[in-house]
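This report concerns only the one structure given below.
To find a chain, count down the sequence lines: A is the first, B the second, and so on, and within it residues start at 1.
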Number of protein chains: 2
Amino acid sequence: MALNKFFLQFVNFNESELDQLNQLAKPEQISKGEALIKRGQVCDKLYFVTKGILRLGYTSEKGEEVVLDFVFQDSFAVDYVSFLLQQPTEMDIIAVQDCQLLSFERKSIHKLYEENIKFQKMGRLISEFYFIRFAERIKENSLPPKERYDKLVATNGELLQKIPQYLIASYLGISAEWLSKLRAKK
Amino acid sequence: MALNKFFLQFVNFNESELDQLNQLAKPEQISKGEALIKRGQVCDKLYFVTKGILRLGYTSEKGEEVVLDFVFQDSFAVDYVSFLLQQPTEMDIIAVQDCQLLSFERKSIHKLYEENIKFQKMGRLISEFYFIRFAERIKENSLPPKERYDKLVATNGELLQKIPQYLIASYLGISAEWLSKLRAKK
DNA sequence: GTAATTTCTTGAATTAGTTCAACAATAATA
DNA sequence: TATTATTGTTGAACTAATTCAAGAAATTAC
């Protein structure tokens with residue numbers, strides 16, 4: 001099961017510990033275009049994506065939707081900043097396709113942290129995992145759009161085909177038309 | 001003292017705990033243009049900047065130096081990814097001006113973590129602090145260069161004047177000439 | 001205090017990217 | 001299957017940004 005596999009990446013849990021984690025998970029679903037989290041809300045849940053793709057971003061002053069990140073299957077959708085600080089998020093998390101999710105309440109996760117240090121360790125390692133992803137993102141952002149696109153295709157090839165190109169263009173910081181022209185070039 | 005002030009932001013340490021932290025600190029200095037950390041090294045120290053400014057970045061394939069971040073006085077210079085994973089860094093950290101630093105060895109910090117849970121908490125909160133900075137950076141990167149420049153000036157006004165503009169331009173992802181023209185415009 | 005080096009500015013030519021509009025292709029719905 | 005809505009492509013006119021070269025201004029070294 002993908003969820004357990006995810007946890008086992010970080011800490012060598014035994015069966016009963018995995019059970020404890022699984023018992024916290026509440027199945028949720030959301031259809032294409034709907035928001036999982038909206039600007040202004042406090043993000044007090046983690047959402048494990050069992051199926052579908054979401055995008056994290058915001059609406060600019062000019063009213064354009066800016067995509068900052070995609071969340072694919074088998075990883076967590078969350079605005080970690082809002083989740084950590086328990087303050088209103090500036091982001092929206094929106095389903096790119098119909099999604100199936102498992103939600104974990106912050107409070108119940110924190111309860112586990114206190115019960116067993118292995119859960120605490122998991123929490124720390126997951127934070128670090130996302131931290132490292134962010135650091136990589138900042139570095140990648142310094143590359144020209146074409147290179148960023150090629151890298152994205154190289155690492156997320158198939159999944160990417162399920163995302164409309166105008167969203168990918170927004171993620172890359174270029175217009176949809178220009179991405180189309182870049183793709184046509186080679 | 002600025003170092004203690006930094007720690008007290010995160011955890012309410014008593015005097016003896018602050019002493020423990022201070023005893024780990026080894027004064028170092030480095031002159032303008034020199035590297036504190038070079039690509040390929042493992043970053044096994046944290047450096048608190050008591051004086052000066054550093055830049056974190058890398059050399060691209062075309063041989064240009066790309067600036068990803070500035071480290072100002074009273075904060076830590078470190079490649080956190082390399083520090084966390086203890087793997088070779090892909091970054092260089094270079095002094096923009098002569099700097100005075102206090103270095104903290106990873107091993108001795110980890111020793112403190114085990115002795116007293118308050119230190120552990122500090123470690124977590126400092127990680128979160130940088131995590132949040134990274135998240136903000138990713139969002140800022142989505143704005144047009146002029147806006148990013150104005151924001152930078154608004155928050156780091158005086159300090160910024162001590163950094164050559166071609167480095168600021170690199171940080172913003174534009175050429176030095178274009179930054180000069182942008183500045184001239186209004 | 002002058003020379004040498006580093007940094008900053010300006011202009012001209014070129015490339016990268018945008019906007020808008022029109023149409024083509026694809027997917028969703030009846 | 002035909003219809004509608006969403007997504008993708010293309011071209012023309014425009015704006016943003018780069019490169020290169022030259023000179024001006026500011027710093028550093030002697």
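- If you take CZ of B:Arg183 and P of C:dT7, they are 15 Å apart, rounded to a whole angstrom.
- Note: CZ (A:Arg148) to C1' (C:dG17) measures 15 Å, nearest angstrom.
- Closest contact between the side chain of B:Tyr166 and the listed nucleotides C:dT7, D:dT7, C:dT10 involves C:dT7.
- When each of D:dA17, C:dG17, C:dA21 is scored by its nearest atom to the side-chain atoms of A:Pro145, the top-ranked nucleotide is C:dG17.
- In this structure, B:Glu147 places its CD atom 13 Å from P of D:dA16, rounding to the nearest Å.
- Taking only side-chain atoms of B:Ile174, from C-beta outward, the nucleotide of C:dC8, D:dA17, D:dC20 with the closest atom is D:dA17.
- Taking the side chain of B:Trp178 as heavy atoms from C-beta on, and the options D:dA16, D:dG8, C:dT18, the nearest nucleotide is D:dA16.
- Nucleotide C:dT7 holds its C1' atom 12 Å from the CG atom of B:Leu179, rounded to whole Å.
- Put simply, NZ on B:Lys185 is 7 Å from P on D:dA17, counting in whole angstrom units.
- Of the candidate nucleotides D:dG8, D:dT18, C:dT18, D:dG8 has the atom lying nearest to any side-chain atom of A:Gln165.
- Ionic pairing of B:Glu90 and A:Lys139 is present here: one or more N-O contacts between side-chain nitrogen and carboxylate oxygen are shorter than 4.0 angstrom.
- A salt bridge links A:Glu128 with A:Arg124; the closest basic N to acidic carboxylate O contact falls under 4.0 Å.
- Nearer the 5' end of DNA chain D, as judged by each residue's closest nucleotide, is the contact made by B:Pro144, out of B:Lys32 and B:Pro144.
- The distance between atom CG of A:Leu172 and atom P of C:dT18, rounded to the nearest whole Å, is 10 Å.
- With distances taken from any side-chain atom of A:Lys181 to the nucleotides C:dT19, C:dG17, C:dT10, the minimum falls on C:dT19.
- Atom-to-atom, CG of B:Leu167 to C1' of C:dC8 comes out at 13 Å; the value is rounded to the nearest Å.
- Following rounding to the nearest Å, A:Glu177 (CD) and D:dG8 (P) show an atom-to-atom distance of 11 Å.
- Both tests hold for B:Arg148 against B:Tyr171: distance to the six-membered ring centre under 6.0 Å, angle to the ring axis within 45°.
- Looking at B:Arg137 and B:Asp69, a side-chain N of the basic residue comes within less than 4.0 Å of a carboxylate O on the acidic one, giving a salt bridge.
- Listed candidates were D:dT7, C:dT10, D:dT10. Nearest to the side chain of A:Pro164 is D:dT7.
- Within 6.0 Å of the CD atom in B:Gln9, the count of heavy atoms belonging to other residues, nucleotides or ligands exceeds 12.
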